[in-house]
Trainee: 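Next up is a structure, given as structure tokens.
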Amino acid sequence: MYITDHLTQAVAAALTELYGISVDAATITLQETRREFAGDYTLVVFPYVKQARKSPETVAQEIGAHVAAHLAEVSGFNVVKGFLNFEIADSYWVRFLADTAADERFGLVVPAVDDAPVVVEYSSPNTNKPLHLGHVRNNLLGWSLSRLLEAAGANVKKVNLVNDRGIHICKSMLAWMRYGNGETPESTGIKGDHLVGKYYVEFDKHYKDEVKALMEKGMDEEQAKREAPLMVEAQQMLKRWEEGDKEVRALWEKMNGWVYAGFDETYHRLGVGFDKVYYESNTYLLGKELVQKGLDLGVLFRKEDGSVWCDLTADGLDQKLLLRRDGTSVYMTQDLGTALLRHNDFGAERLIYVVGNEQDYHFKVLKLILGKLGFSWADKVYHLSYGMVELPNGKMKSREGTVVDADDLIDEMEKTAEEMSREHGKNDELTDEERKHLYHILALGALKYFILKLDPTKKMLFNPAESIDFNGNTGPFIQYTHARIRSIVRRAGESGGLKNEEGSHAIELNDKERQVIKILHSLPTTVRQAAAAYSPALVANYAYDLAKAFNSFYQDTPILREVEPALKALRVNICISVANALRNTMDILGIEVPERM
RNA sequence: GGCCCUGUAGCUCAGCUGGAUAGAGCGAGAGUCUUCUAAACUCUAGGUCCUGCGUUCGAGUCGCAGCAGGGUCACCA
């Protein structure tokens, strides 16, 4: 149990005994004392002064005295207006530090693998074009969220639902047949997903020309878009695909194969992966039987033309189509089906979807309809709605070429990492292999941290003209801090003298030491809160605060040069604990930390 | 137009369930490497927290109205 829990309980007891106020200790909130005041934790007493019928200062004094008398760890307190600042004895921090240094997994709860799993869906790409920065944000968030929930003790399963069929794929296929001259990734040396994406753009180009030509002949725009030969042919191709036409299916498999090979490479570079991959070509017919169930239950209705709808007007929304008049299903229908499939496949405790906020409405409707269909787990569906990635001049659009390509971006980051490392020139003793790996993890560290430190729910601005930083509040800053610490710990190991010395309980900490230890102390709470908020950003900001506090400590406190053995051991323990905490929090973000850099 | 989200320093962002004089990084200016890795550290400058009204002992945080920007309301996915 942590000191903060003891404190809230002691305060609750004081309130009862002094004023007869009964409050649940859990509702008492302490805040960390601001730097400019003496103390470690602060209680704001204003909420209790009315019932206590005394001045804020008096109430604070009385509670402070009562708690100090009952809690050995409280070494003192002071009162400023209605703020009661508790001072915690250094012996508490020293003992905490000794425990922490011995725990390699500090901050990480052991996942309960026997619990019903939390299923996280993320990535879910279309197979007609390569991944761009928007997908990168999705993938990094999905992976990191999974790690974060695991760190908080959940049994997590990561899934991907690949959107491998549909009109968009047919467009790429058709364009390749028309203009491709039999090009393959092998013949061109172009990565498979990029090659297919090239023909998606090619389709759009020719299609636009056709529409323009038709409009010049006097056709209105809507009709022209519908009747342009390429569009008609793509639609026919989709129909042939659904009928299982051999030729179309063979081409589809070939081109999707190229895309998968390309995606796998990008996933590998990003360091993300999945426990199970679903393909929409296998699941797109799911959900139809649910529609029948809904009709039987009377929560869905059929219109005169045969189409099936769900009436959500009572929930403040519109009517939602679930089956077209020709009996085919729409995206929502499939999603109902795949939700059920996934729930049954895993016996899931929670279903989390990492999907952009442009689909907020979709998920609102999905949850509502699942509920109406009688699934009790409908409220266990959670949409992690992340903000779009925007460029200085607006949203990214694949067809218009205004995208930041994922592979290009990673290439560029690795190049920058190499340049910066060479400039610093500290890696002479590394082999070429090690050096290459270092550039990679620094590049990805910068990229991942840049994306994950932001609140996931907010839109993100990316300016391609400004390269992603390696200094300041960045991934490499934290990686550097870790490498520097590891260097000290290695030397400490050589010279021996790691274990806690006699007399360490009597150590008086300096401000910098205490500050670092206090931040370490708050790691478990931070992980818990971050998991509850589905926000890796809280973990990223924690790691930064810790690294910053450590660097400040390191700057003006001797560690290995300290002659007093107990003090030296304590400081080495700070190093060990901070290194572990940085490694573990960076791991939650999917960022590797180097031993040297 | 209906519904949803966002608005904090020149730029990019923190600010937990309301609490003390609103914080970082970048950028600008000034310092610190004969000493454990200077990708670091220290200091300075920079704010009507979009506006107004309200709730409260107390509002960047909560409520209402307005302004600005974005998303979404497909027999697309």
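Residue numbering restarts at 1 for every chain, and letters A, B, ... go by the order of the sequence lines.
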Trainee: Is there a side-chain polar atom (N or O) of A:S385 under 4.0 Å from OP1 or OP2 of B:C5?
Mentor: no
Trainee: Under the criterion ring pair (Phe, Tyr, Trp, His ring centres under 6.0 Å), I'd like the reasoning laid out for A:Y200 against A:F203: C-alpha separation, chi angles, the key distance, then a yes or no.
Mentor: CA-CA 5 Å; A:Y200 185 67; A:F203 174 94; 7.4 Å; no
Trainee: Of all the nucleotides listed (B:U37, B:U12, B:C57), which has the minimum atom distance to the side chain of A:L461?
Mentor: B:U12
Trainee: Quick check on B:C36: is either OP1 or OP2 less than 4.0 Å from any side-chain nitrogen or oxygen of A:R571?
Mentor: no
Trainee: Check the orientation of A:Y353 and A:F363. Use parallel for under 30°, tilted for 30 to 60°, and perpendicular for over 60°.
Mentor: tilted
Trainee: Counting just side-chain N and O atoms, does A:S307 come under 4.0 Å of either OP1 or OP2 of B:C75?
Mentor: no
Trainee: Classify the side chain of A:K458 and the base of B:U6 as holding, or not holding, a donor-acceptor pair under 3.5 Å.
Mentor: no
Trainee: Quiz question: going by heavy-atom distance under 3.5 Å, is there a donor-acceptor pair between the base of B:C11 and the side chain of A:N463?
Mentor: no
Trainee: For B:A74, does OP1 or OP2 lie under 4.0 Å from any side-chain N or O of A:R324?
Mentor: no
Trainee: Looking at A:S421 and B:A39, is any side-chain donor or acceptor paired with a base atom of the opposite kind under 3.5 Å?
Mentor: yes
Trainee: On RNA chain B, compare the nucleotides closest to A:D469 and A:F477; which residue's is nearer the 5' end?
Mentor: A:D469
Trainee: For nucleotides 17-24 of chain B, tabulate all protein N/O to nucleotide N/O atom pairs closer than 3.5 Å, reporting atom names and distance.
Mentor:
unit_1 : atom_1 : unit_2 : atom_2 : d
B:A20  : OP2    : A:R34  : NH1    : 3.3
B:A20  : N6     : A:T42  : OG1    : 2.9
B:A20  : N6     : A:N85  : OD1    : 2.9
B:G23  : OP1    : A:R34  : NH2    : 2.7
B:A24  : O2'    : A:Y544 : OH     : 3.0

Trainee: As an exercise, state the distance from CZ of A:R137 to CZ of A:F462, rounded to the nearest 0.5 Å.
Mentor: 12.5 Å
Trainee: How long is the span from the NZ atom in A:K171 to the CG atom in A:L230, to the nearest 0.5 Å?
Mentor: 10.5 Å
Trainee: Go through A:E418 and A:R422 one step at a time and tell me if the salt bridge (charged side-chain N to carboxylate O under 4.0 Å, His left out) criterion holds.
Mentor: CA-CA 6 Å; A:E418 178 167 358; A:R422 286 195 191 285; 2.8 Å; yes
Trainee: With nearest nucleotide decided by heavy atoms, which residue, A:Y480 or A:G166, maps closer to the 5′ end of RNA chain B?
Mentor: A:Y480
Trainee: Could you pull out the protein-nucleic contacts involving nucleotides 59-64 of chain B (nitrogen or oxygen on both sides, under 3.5 Å)?
Mentor:
none

Trainee: By a 5.5 angstrom centroid cut-off and a 30 degree plane limit, is there stacking between A:H424 and B:A39?
Mentor: yes
Trainee: A:R596 has a side chain; which of B:C41, B:U37, B:A39 sits nearest to it?
Mentor: B:U37
Trainee: Is the base of B:C5 syn or anti, where syn means the angle lies within 90° of 0?
Mentor: anti
Trainee: Measure from CG on A:L438 to P on B:A39 and round the result to the nearest Å.
Mentor: 13 Å
Trainee: For the residue pair A:F46 and A:F83, does the interplanar ring angle fall in the parallel (under 30°), tilted (30 to 60°) or perpendicular (over 60°) class?
Mentor: perpendicular
